[in-house]
Amino acid sequence: NDLDCASAAADAALALKATTDTYYLHGLVRTATRDYKTAEFDLDKVIEWNPMYEAAYVALSEVQLKLYEQYSGPTMQMRTLEKAIEKCTRALELNPQSTDALFTRSKALALQKEYAKAIDDVSRCVALGRTDRAVYVQRARYYHGFGQHQNAVNDLNKVLMEQPGERLPVIISGTVTDASGRILSGQTVGAFWHSVRHARPLAVGLNCALGATLMRPYIEELSRLADDTFISCYPNAGLPNPMSETGFDETPDITGGLVEDFAKSGFVNIVGGCCGTTPDHIRAIAGRVAAYRPRSKRDPLFTPLLAA
């Protein structure tokens, strides 16, 4: 195939004459073939021979992000991120307007949970004229991690409305983290809905953190407030228990019965499972909710929300 041909050509070029360009080409091909350690060696060699080779710094940073995905230990993961940020920063010293370096550095910063810095880098990309889908999608992810859901939705809308007259459906889900009833951004369920409703999502819902028992009052509240969209719900199989085989206590029958209550009460349209659920849990949920009509705007559960 084409990748095999490119690999053979890169090997031949490097064997014929070792230069910064042949090492750079070889590194790119090795990245494409997922031989990241060889790619790292190649690109390090380029930078060693020519410290002004801007593109090699960015390519080496991308390799570090791939190595991050392969490593499981936190020490090695931290080192790859630090190296990725360092090399992108060096590229930006050579060319402050390198949107490739800014974009790649933003990904490494986000993995360090430095969302504000990641947002700043991507926003600089936009200011420099890079406005492709990938930029807006990445920035939306960073805004979400930073708790700025409205900004995330605005960026997604730029992507969704890229083609005139076309709009892809959006499903937005929040996570209630504890008994306070607040999601990860610190908002109440009601505040969360009103901060994202301008996106006109196909569905809005809750997932993860709490099991269905503790999630019930919040999914009920959301189903009452979000009267112009569908409701999704993906609870965990109860609360975490490290002594359990799956890390959670609820059996498929228990979780299925709890989600059945949501369907019976008219709270939901889309259901599933999150942490601790297995294919058996999903089958149990599907079997238990099948007998009930999905939530509808015609239901008396809906009440108008007025503001003065």
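The model shown is predicted, which means the values in this text are computed figures rather than measured ones. Numbering of residues begins at 1 and proceeds along the displayed sequence.
Closest non-hydrogen pair, Phe248 versus Gly238, comes out as CD2-O, 3.3 Å. Considering every non-hydrogen atom in both Thr22 and Ala13, the closest pair reads CG2-O, 3.8 Å. Listed here is the closest heavy atom pair of Val204 and Ala226: CG1-CB, 3.8 Å. Nearest heavy atom pair, residue Leu65 against residue Ala84, reads CD2-CB, 4.3 Å. Here the closest heavy-atom approach between residue Pro51 and residue Glu48 is recorded as CD-O, 4.4 Å.
Under the 4.5 Å side-chain criterion, counting only non-hydrogen atoms from C-beta, Leu111 is in contact with Tyr68. Looking only at side-chain heavy atoms (C-beta outward), Leu239 and Leu214 come within less than 4.5 Å of each other. At least one side-chain heavy atom of Cys233 sits less than 4.5 Å from a side-chain heavy atom of Phe262.
The existence of a salt bridge linking Lys37 and Glu40 is confirmed by a sub-4.0 Å separation between a basic side-chain nitrogen and an acidic carboxylate oxygen. Under the 4.0 Å criterion applied to side-chain N and carboxylate O atoms, Glu82 and Arg79 are not assigned as salt-bridge partners. Between Asp280 and Arg283 there is a salt bridge, since a side-chain N of the basic residue sits under 4.0 Å from a carboxylate O of the acidic one. Using a 4.0 Å cut-off between charged nitrogen and carboxylate oxygen, Arg288 and Asp253 count as a salt-bridge pair.
Tyr71 belongs to a hydrophobic cluster whose remaining members, ordered by chain and number, are Leu14, Tyr23, Tyr24, Leu28, Tyr36, Phe41, Leu43, Val46, Ile47, Trp49, Met52, Tyr53, Tyr57, Leu60, Val63, Leu67, Met76, Leu94; membership requires side-chain heavy atoms of ILVMFWY residues under 4.5 Å apart, directly or through intermediates.
Judged by distance alone, the side chains of Thr20 and Asn50 never bring a donor and an acceptor atom under 3.5 Å apart. Neither side chain, Thr99 nor Arg124, offers a donor N or O lying under 3.5 Å from an acceptor on the other. No hydrogens or angles considered: nothing links the side chains of Ser244 and Asn241 as a donor-acceptor pair under 3.5 Å.
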Subject >> Full working for salt bridge (Lys or Arg N to Asp or Glu O under 4.0 Å) between Lys264 and Glu260 >> reply: CA-CA 6 Å; Lys264 184 178 180 180; Glu260 178 187 12; over 6 Å; no
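Proximity of a side-chain donor or acceptor of Asn269 to a complementary backbone N or O of Pro294 within less than 3.5 Å is not detected. Judged by distance alone, with hydrogens and angles left aside, the side-chain atoms of Ser7 form no donor-acceptor pair with the main-chain N or O of Arg30 at under 3.5 Å.
Between Leu206 atom CG and Cys274 atom SG the span is 11.5 Å, to the nearest 0.5 Å.
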